[in-house]
J.: 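Encoded as structure tokens, here's the structure I'll be asking about.
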Amino acid sequence: MTEKKPIIFSGIQPSGNLTLGNYVGALKNWVSLQDKYDCLFSLVDLHTITVRQDPKSFRSNCYDALAIYLAVGIDPIRHNVFLQSHVPAHTQLAWILNCYSYMGELSRMTQFKDKSKKNETNINVGLFSYPILMAADILLYGTNLVPVGADQKQHVEIARDLALRFNNIYGQVFAIPEVYHPPLGARLMSLQEPTKKMSKSDDNSSATIFLLDKPEDILNKFKRAVTDSDTEICFDIKNKPGVSNLLTILAVVTDRSVEEWTTQLQGSGYGKLKTATAENLIEFLRPMQKRYYQLRKDQEYLDSVLKQGAARAVDASQEILKKVYDVLGFIPTF
Ligand code: TYM
């Protein structure tokens, strides 16, 4: 009998081109953790509609994101790769968890506050209850570890709080998930405002590196990157956020330490730091981009991955959902 491994759940919103932040904060770690865990990697399309989507591009964005998952090296045979909307248990459990969540705790969420500011004309209830659906995603599968960037820490904490609250009343129903952040790059910063997170939806296109950016665009974005008026290359997030962000990217994509790069680039000036970062990133992305374009053409294969992933996730989602219904006293279906 094969030994049962601990469980990972994580997801990304397929709301457009994925960014280098998504890669460093999430995808890279999914790939490196997938040997030691049984993983569910979801395209969280239900979360995505908290902000208005154009139906046609939304559908194509979902396939784009799926092809990225596969191109970076996620193994869809060993693990579940699926669309959240294909597994009804996520919304079923989310409703129940709604009834155990408090307005106060949800209104404290940083992402809710940020997104409300950005979408003033559409502060919908989904945006507010977003962390509850995320908690359902995680708790539904007995998840032990949730690899995400630093911006999602608060949401994983809510999932933990809800699990503990529910277990306190009804006994041991949910596993208590731990958050996992990468040691370096848990929060990649905007290239234009390095005290702000690098984000998919930044209005300034020079602020964000997309995984499918062309080499010349990457080079230009780094050339324009904001540093500071000093010349010394050193890692100091507080006083040199721009330079520290570039060093982080450089270290992550070359698998070398920040210290090695700081020593190597000593006295070279920011121009050299920027071109070194751009060139190494371009080389790093090249094979991934090539695989992406091959995979993206193969609609039949992509659909087969989604079909298999959904079937397995639907199956896996039943045990805990049934248990939840049972402890709450619902009459089972006949
Ligand atoms: P989303 O789609 O905003 O981001 C996906 C993942 O990318 C990470 N990330 C970053 N990491 C480092 N630096 C950045 N600049 C950066 N930008 C994004 C995010 O932290 C995340 O890990 N709510 C989630 C999706 C979700 C989820 C889940 C995650 C839904 N259900 C269950 C884990 C488990 C979100 O909006 O991620």
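Just the heavy atoms: all of them, side chains too, but no hydrogens, waters or symmetry mates, feed the values below. Worth saying up front: this structure is predicted, and the values here are computed from it rather than measured. Ligands are counted one by one from 1 in listed order, and the atoms in each one are counted from 1 as well.
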J.: Under 4.0 Å from any heavy atom of G185, which atoms of ligand 1 are there?
T.: 12 (C)

J.: Considering only protein heavy atoms, which is closest to atom 7 (O) of ligand 1, and at what distance to one decimal place?
T.: N22 ND2, 3.0 Å

J.: Check each of P147, P177, A159, G21 against atom 11 (N) of ligand 1 and report the one with the nearest heavy atom.
T.: G21

J.: Please identify each residue that fulfils side-chain hydrogen bond (donor to acceptor under 3.5 Å, both in side chains) with D161, with sequence neighbours left out.
T.: none

J.: Please list the nearest protein heavy atom to atom 37 (O) of ligand 1 with its residue and the distance rounded to 0.1 Å.
T.: Q152 NE2, 3.8 Å

J.: Can a donor-acceptor pair be found between the side chains of T208 and K200 at a distance below 3.5 Å?
T.: no

J.: For N239 and D236, which I'm curious about, is there any donor-acceptor pair between the side chains at under 3.5 Å?
T.: yes

J.: Give the residue, atom name and distance (to 0.1 Å) of the protein heavy atom nearest atom 25 (C) of ligand 1.
T.: G11 O, 3.5 Å

J.: When you look for heavy atoms under 4.0 Å from ligand 1, do you find them on the side chain of V146, its backbone, both, or neither?
T.: side chain

J.: With nothing but distance in play, are any N or O atoms of F9 less than 3.5 Å from an N or O of ligand 1?
T.: no

J.: Purely on distance, is any nitrogen or oxygen of K197 under 3.5 Å from one on ligand 1?
T.: no

J.: How about H79 and Y69: are their ring centroids closer than 6.0 Å?
T.: no

J.: Tell me, which protein residue and heavy-atom name are nearest atom 12 (C) of ligand 1, and how many Å apart are they?
T.: A186 O, 3.2 Å

J.: How close does the nearest protein non-hydrogen atom get to atom 2 (O) of ligand 1, and which residue and atom is it?
T.: Q13 N, 2.9 Å

J.: Is the number of heavy atoms from other residues, nucleotides or ligands within 6.0 Å of CD (Q318) greater than 12?
T.: yes

J.: Starting from atom 31 (N) of ligand 1, find the nearest protein heavy-atom neighbour and note its residue, name and distance.
T.: D137 OD2, 2.6 Å

J.: Examine Y130 against ligand 1 and note whether any of their N/O atoms are separated by less than 3.5 Å.
T.: yes

J.: Given the side-chain rings of Y130 and F112, with only the six-membered ring counted for Trp, is the space between their centroids under 6.0 Å?
T.: no

J.: Out of K153, Q154, R160, which residue meets the side-chain hydrogen bond (donor to acceptor under 3.5 Å, both in side chains) rule with E157?
T.: K153

J.: Pull out every atom of ligand 1 sitting under 4.0 Å from any heavy atom of H47, numbered as shown with elements.
T.: 30 (C), 31 (N)

J.: Between Y23 and F284, is the ring centre distance below 6.0 Å?
T.: yes

J.: Numbering the atoms of ligand 1 from 1, which are under 4.0 Å from a heavy atom of V44?
T.: 25 (C), 26 (C), 30 (C), 31 (N)

J.: Between Y141 and N80, is there a side-chain donor-acceptor contact under 3.5 Å, judged purely by atom types and distance?
T.: no

J.: Considering only non-hydrogen protein atoms, determine which one is nearest to atom 20 (O) of ligand 1 and report residue, atom name and distance to 0.1 Å.
T.: D151 OD1, 2.4 Å

J.: Record the part of T19 in heavy-atom contact with ligand 1 below 4.0 Å; permitted values are side chain, backbone, both and neither.
T.: neither

J.: Going by distance only, is there an N or O of S10 that falls short of 3.5 Å from an N or O of ligand 1?
T.: no

J.: Which ligand 1 atoms does R187 reach within 4.0 Å, using its non-hydrogen atoms?
T.: 12 (C), 13 (N)

J.: Between Q111 and Q152, does any side-chain donor sit less than 3.5 Å from a side-chain acceptor?
T.: yes

J.: Charged N to carboxylate O under 4.0 angstrom, K115 versus E120?
T.: no

J.: Does V24 come within less than 4.0 angstrom of ligand 1, counting non-hydrogen atoms of the residue?
T.: no

J.: Is it true that a side-chain atom of E105 and a backbone atom of M103 form a donor plus acceptor pair closer than 3.5 Å?
T.: no

J.: Any idea which of K115, H155, M134 brings a heavy atom closest to atom 27 (C) of ligand 1?
T.: M134

J.: For atom 13 (N) of ligand 1, which protein heavy atom lies nearest, and how many Å away is it?
T.: L188 N, 2.8 Å

J.: Consider only side-chain N and O atoms of Q34 and D75, and report whether a donor and an acceptor are under 3.5 Å apart.
T.: no

J.: Do any nitrogen or oxygen atoms of M198 come within less than 3.5 Å of a nitrogen or oxygen of ligand 1?
T.: yes

